[in-house]
Amino acid sequence: MQLHSDIKPISWVKNNARQMIESVSESGNPMIITQHGEARAVVVSVREYDEMQQSLALLRMLADSSMDVEAGRLRDADEVFADLRTSLAEKARART
C-alpha cells in the first residue's frame, strides 16, 4: 500500500471523482482526502469495506468469547452439540 501517492485534496476529488473511484476499485488501496491540509476522510472500495467489516465482526466475536471465558461462562462441547442437534431436529419436524 502506497499511502503517500493516494492522498488527495478535496478540490482534486471534486474534479476527479470518477478517477478516484476507479483508482480505489482497481488498486484496492484506500485514498485519503484532505481539507485545508488535514486528513478528513478515507475512501475505500466496496470489497475492501466488506472485508474490514467481516474482520471487525470476527474480532468482536473473539473479544466476546474471551470475556465469556474470563467470566467463567463456559459449556461443555458435547452439551452444545446435543443442543444444536435437538434444535435442528425440531426445525426439521416443523417443516414437515
Side-chain angles (χ1 to χ4, degrees):
M1 185 173 357
Q2 300 175 349
L3 287 180
H4 67 280
S5 64
D6 293 330
I7 299 173
K8 303 291 185 192
I10 198 164
S11 58
W12 182 90
V13 173
K14 290 176 184 177
N15 297 318
N16 299 282
R18 182 175 179 207
Q19 183 180 346
M20 175 189 65
I21 291 170
E22 289 173 0
S23 176
V24 297
S25 294
E26 290 172 9
S27 72
N29 292 338
M31 184 173 289
I32 298 171
I33 309 304
T34 63
Q35 185 177 32
H36 305 298
E38 283 188 42
R40 293 296 201 162
V42 177
V43 178
V44 295
S45 69
V46 171
R47 184 185 77 248
E48 292 295 320
Y49 179 80
D50 285 342
E51 289 176 8
M52 284 189 294
Q53 292 302 307
Q54 290 174 5
S55 295
L56 285 172
L58 180 58
L59 287 172
R60 284 185 193 111
M61 284 189 278
L62 289 170
D64 290 346
S65 297
S66 180
M67 289 187 311
D68 285 342
V69 168
E70 288 176 13
R73 292 186 295 265
L74 304 171
R75 290 179 60 198
D76 184 69
D78 291 335
E79 179 186 336
V80 172
F81 285 116
D83 288 350
L84 287 171
R85 284 187 202 94
T86 301
S87 177
L88 290 172
E90 288 172 358
K91 288 181 182 180
R93 281 192 297 270
R95 281 187 245 143
T96 57

Side chains of [X] and [Y] in contact at under 4.5 Å (non-hydrogen atoms):
X	Y	answer
Gln35	Pro9	no
Ile10	Thr34	no
Val44	Val24	no
Met20	Lys8	no

Side-chain polar contacts of residues 63-72 - donor-acceptor pairs under 3.5 angstrom, sequence neighbours left out - could you list them?
from  : atom 1 : to    : atom 2 : distance (Å)
Ser65 : OG     : Met61 : O      : 2.9
Asp68 : OD1    : Arg73 : NE     : 2.9
Asp68 : OD1    : Arg73 : NH2    : 2.8

Identify all side-chain donor-acceptor contacts of residues 74-81 below 3.5 Å with residues at least two apart in sequence or on another chain.
from  : atom 1 : to    : atom 2 : distance (Å)
Arg75 : NE     : Glu79 : OE2    : 3.2
Arg75 : NH2    : Glu79 : OE2    : 3.4
Arg75 : NH2    : Asp83 : OD2    : 2.1
Asp76 : OD2    : Asp78 : N      : 3.1

Review point. Which pairs, with at least one residue in residues 40-54 and sequence neighbours excluded, count as a side chain to side chain donor-acceptor pair (under 3.5 Å)?
Key: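 Those involving residues 40-54 do not exist here.
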Exercise for review: Among residues two or more places apart or on two chains, list those pairs meeting side chain to side chain donor-acceptor pair (under 3.5 Å) that have a residue in residues 84-93.
Suggested key: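 Sorted pair list comes back empty.
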Review point. When rounded to the nearest 0.5 angstrom, what distance separates CE in Met31 from CD1 in Ile21?
Key: 10.0 Å
Check your understanding: How many angstroms lie between atom CG of Asp6 and atom CD1 of Ile33, to the nearest 0.5 angstrom?
Key ->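 Answer for the CG-CD1 pair, Asp6 versus Ile33, is 9.5 Å.
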Review point. Who are the side chain to side chain donor-acceptor pair (under 3.5 Å) partners of Arg18, not counting sequence neighbours?
Key: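 Arg18 satisfies side chain to side chain donor-acceptor pair (under 3.5 Å) with Glu22 only.
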Exercise for review: Starting from Leu88, walk the hydrophobic network (Ile, Leu, Val, Met, Phe, Trp, Tyr; side-chain heavy atoms closer than 4.5 Å) and list everyone else you reach, by chain and number.
Suggested key: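 Its cluster partners, ordered by chain and number, are none at all.
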